[in-house]
Amino acid sequence: MRHINFPTLPPAAMALPTVPVHAVVAEEFRIIKRPLLRRLRDGDGARCNLIAVTSAAHGEGKSFCALNLALSMAMERDTTVLLVDTHMAAPSLPAMLGLPDGPGMMELLMDDTLNAADVIIKSSLPTLSILPAGKTHHHAAELLASRDMERLLAELASRYADRVILFDTAPLLVTTQASVLAAQMGQVVLVVDAESTTHAALAEALRQLEPCPHIHLVYNKARVKPAPPVYRSR
């Protein structure tokens, strides 16, 4: 198992202009994580510990949200988190975390001799681990929809009773990979860019997520902080 060190917040958060931003960002993600954890702990539906973070299009901040949400959840006293990169064509987490090249999710699906422990990267935070996307594959959508993927999800979900598994996925309107994966999730977090996501794009993204029983919307990049907080759940 590989090991990587990274800061409490990713570079995107650390670069924000005002001094109190760390506290502000941390508090926002505390608000976002609470209903997700509540559904998990109440046993409200199957696989509620499998959570996909996605968006309608590129550039809406889903990877930033996925990483900060993973970090926030990992701060819980009774929770461990596995952050899985499934944006196969253009993964963002390697650049954000300085991840080395190496095998990941794709290799697990294609090589029966590999175990999850062989490709998971331990972070400097004991309760947070990373599973990289691995090499790009032209049949990634089919692999994510395969029985091998179902078995892998069942293994990851059941191995640790206190584990939350967060998936940073591809945008919904760019490739079918995200909708294929969302159909196997217990919860989905849909990141909406306050300045660029259109009503039509949001409607289509929600249509593609219909198979998932619990969909949560996160309103990102808002110039004025909404009240109540930037969170809605279906």
Side-chain angles (χ1 to χ4, degrees), residues 1-14 25-26 28-30 32-34 36-37 40 47-55 60-76 78-109 115-134 140 144 149 152-153 155-171 177-178 181-182 184-191 216 218 220:
M1 184 176 289
R2 293 172 287 170
H3 190 280
I4 188 169
N5 292 298
F6 57 85
T8 304
L9 289 174
M14 297 179 70
V25 170
E28 291 293 343
F29 282 96
R30 288 189 188 103
I32 293 168
K33 74 177 176 181
R34 197 53 56 199
L36 296 163
L37 293 174
L40 188 161
R47 292 190 172 187
C48 277
N49 63 332
L50 299 179
I51 305 170
V53 181
T54 190
S55 60
E60 299 190 77
K62 65 170 183 59
S63 294
F64 170 82
C65 289
L67 179 53
N68 276 282
L69 185 57
L71 287 164
S72 185
M73 285 184 166
M75 296 298 178
E76 296 283 313
D78 56 352
T79 300
T80 61
V81 179
L82 176 63
L83 178 58
V84 183
D85 193 341
T86 57
H87 191 170
M88 305 304 178
S92 297
L93 293 179
M96 295 174 74
L97 297 175
L99 297 177
D101 292 334
M105 173 65 80
M106 279 295 97
E107 285 73 19
L108 277 180
L109 294 175
N115 295 315
D118 297 328
V119 296
I120 289 175
I121 300 173
K122 292 290 292 182
S123 78
S124 53
L125 188 62
T127 51
L128 176 61
S129 300
I130 314 293
L131 176 54
L144 291 175
M149 183 63 177
L152 178 59
L153 289 176
E155 177 191 350
L156 293 175
S158 61
R159 179 173 293 182
Y160 302 104
D162 64 347
R163 172 179 277 180
V164 176
I165 308 173
L166 282 173
F167 296 82
D168 180 21
T169 79
Q177 293 174 19
L181 190 62
Q184 304 181 69
M185 297 290 105
Q187 305 187 72
V188 171
V189 175
L190 177 59
V191 179
H216 311 264
V218 171
N220 193 33

How would you list all residue pairs meeting salt bridge (charged side-chain N to carboxylate O under 4.0 Å, His left out) that involve residues 124-133, not counting sequence neighbours?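 Sorted pair list comes back empty.
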
So [Y] and [X], do their side chains get closer than 4.5 Å, heavy atoms only?
{"X": "M105", "Y": "L152", "value": "yes"}
{"X": "K62", "Y": "P171", "value": "yes"}
{"X": "V218", "Y": "E28", "value": "no"}

Contacts of S63 that satisfy side-chain contact (heavy atoms from CB on, under 4.5 Å) - sequence neighbours left out: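 side-chain contact (heavy atoms from CB on, under 4.5 Å) list for S63, sorted by chain: S92, M96, D168.
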
Would you please name every residue forming a side-chain contact (heavy atoms from CB on, under 4.5 Å) with T79, sequence neighbours left out? R41, E76, V81, V164

Considering non-hydrogen atoms only, spot the tightest contact between [X] and [Y] and give its length.
{"X": "L156", "Y": "A116", "result": "CD2-CB, 4.1 Å"}
{"X": "A74", "Y": "L128", "result": "CB-CB, 4.0 Å"}
{"X": "C65", "Y": "F29", "result": "O-CE2, 3.5 Å"}
{"X": "V188", "Y": "M185", "result": "CG2-CB, 4.3 Å"}
{"X": "L131", "Y": "L82", "result": "N-CD1, 4.0 Å"}
{"X": "P132", "Y": "I121", "result": "CG-CD1, 3.7 Å"}

Residues at least two apart in sequence or cross-chain that pass side-chain hydrogen bond (donor to acceptor under 3.5 Å, both in side chains) with Q177, listed by chain then number, are none

Among residues at least two apart in sequence or on other chains, which ones pass side-chain hydrogen bond (donor to acceptor under 3.5 Å, both in side chains) with S55?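 Testing S55 for side-chain hydrogen bond (donor to acceptor under 3.5 Å, both in side chains), a comparison that skips the adjacent residues, returns none.
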
Under the criterion side chain to side chain contact (heavy atoms under 4.5 Å, CB included), I'd like the reasoning laid out for M73 against L37: C-alpha separation, chi angles, the key distance, then a yes or no. CA-CA 8 Å; M73 285 184 166; L37 293 174; 4.1 Å; yes

How long is the straight-line distance from [atom2] of [Y] back to [atom1] of [X], given to the nearest 0.5 Å?
{"X": "L50", "Y": "R163", "atom1": "CG", "atom2": "CZ", "answer": "11.0 Å"}
{"X": "T80", "Y": "L125", "atom1": "OG1", "atom2": "CG", "answer": "10.5 Å"}
{"X": "I130", "Y": "L166", "atom1": "CD1", "atom2": "CG", "answer": "9.5 Å"}
{"X": "R30", "Y": "L69", "atom1": "CZ", "atom2": "CG", "answer": "12.5 Å"}

Got a donor-acceptor contact below 3.5 angstrom from the [X] side chain to the [Y] backbone?
{"X": "Q184", "Y": "R47", "value": "no"}
{"X": "T54", "Y": "T169", "value": "no"}
{"X": "Q187", "Y": "C48", "value": "yes"}

Report the C-alpha separation of L93 and H87 in whole Å, then their side-chain angles, then the decisive distance to 0.1 Å, and conclude whether the side chain to side chain contact (heavy atoms under 4.5 Å, CB included) test is met. CA-CA 9 Å; L93 293 179; H87 191 170; over 6 Å; no

How far apart are the C-alpha atoms of L144 and F167, what are their side-chain angles, what is the distance that settles it, and do they pass the side chain to side chain contact (heavy atoms under 4.5 Å, CB included) test? CA-CA 12 Å; L144 291 175; F167 296 82; over 6 Å; no

Check salt bridge (charged side-chain N to carboxylate O under 4.0 Å, His left out) between D85 and all other residues, then give those that pass, not counting sequence neighbours. none

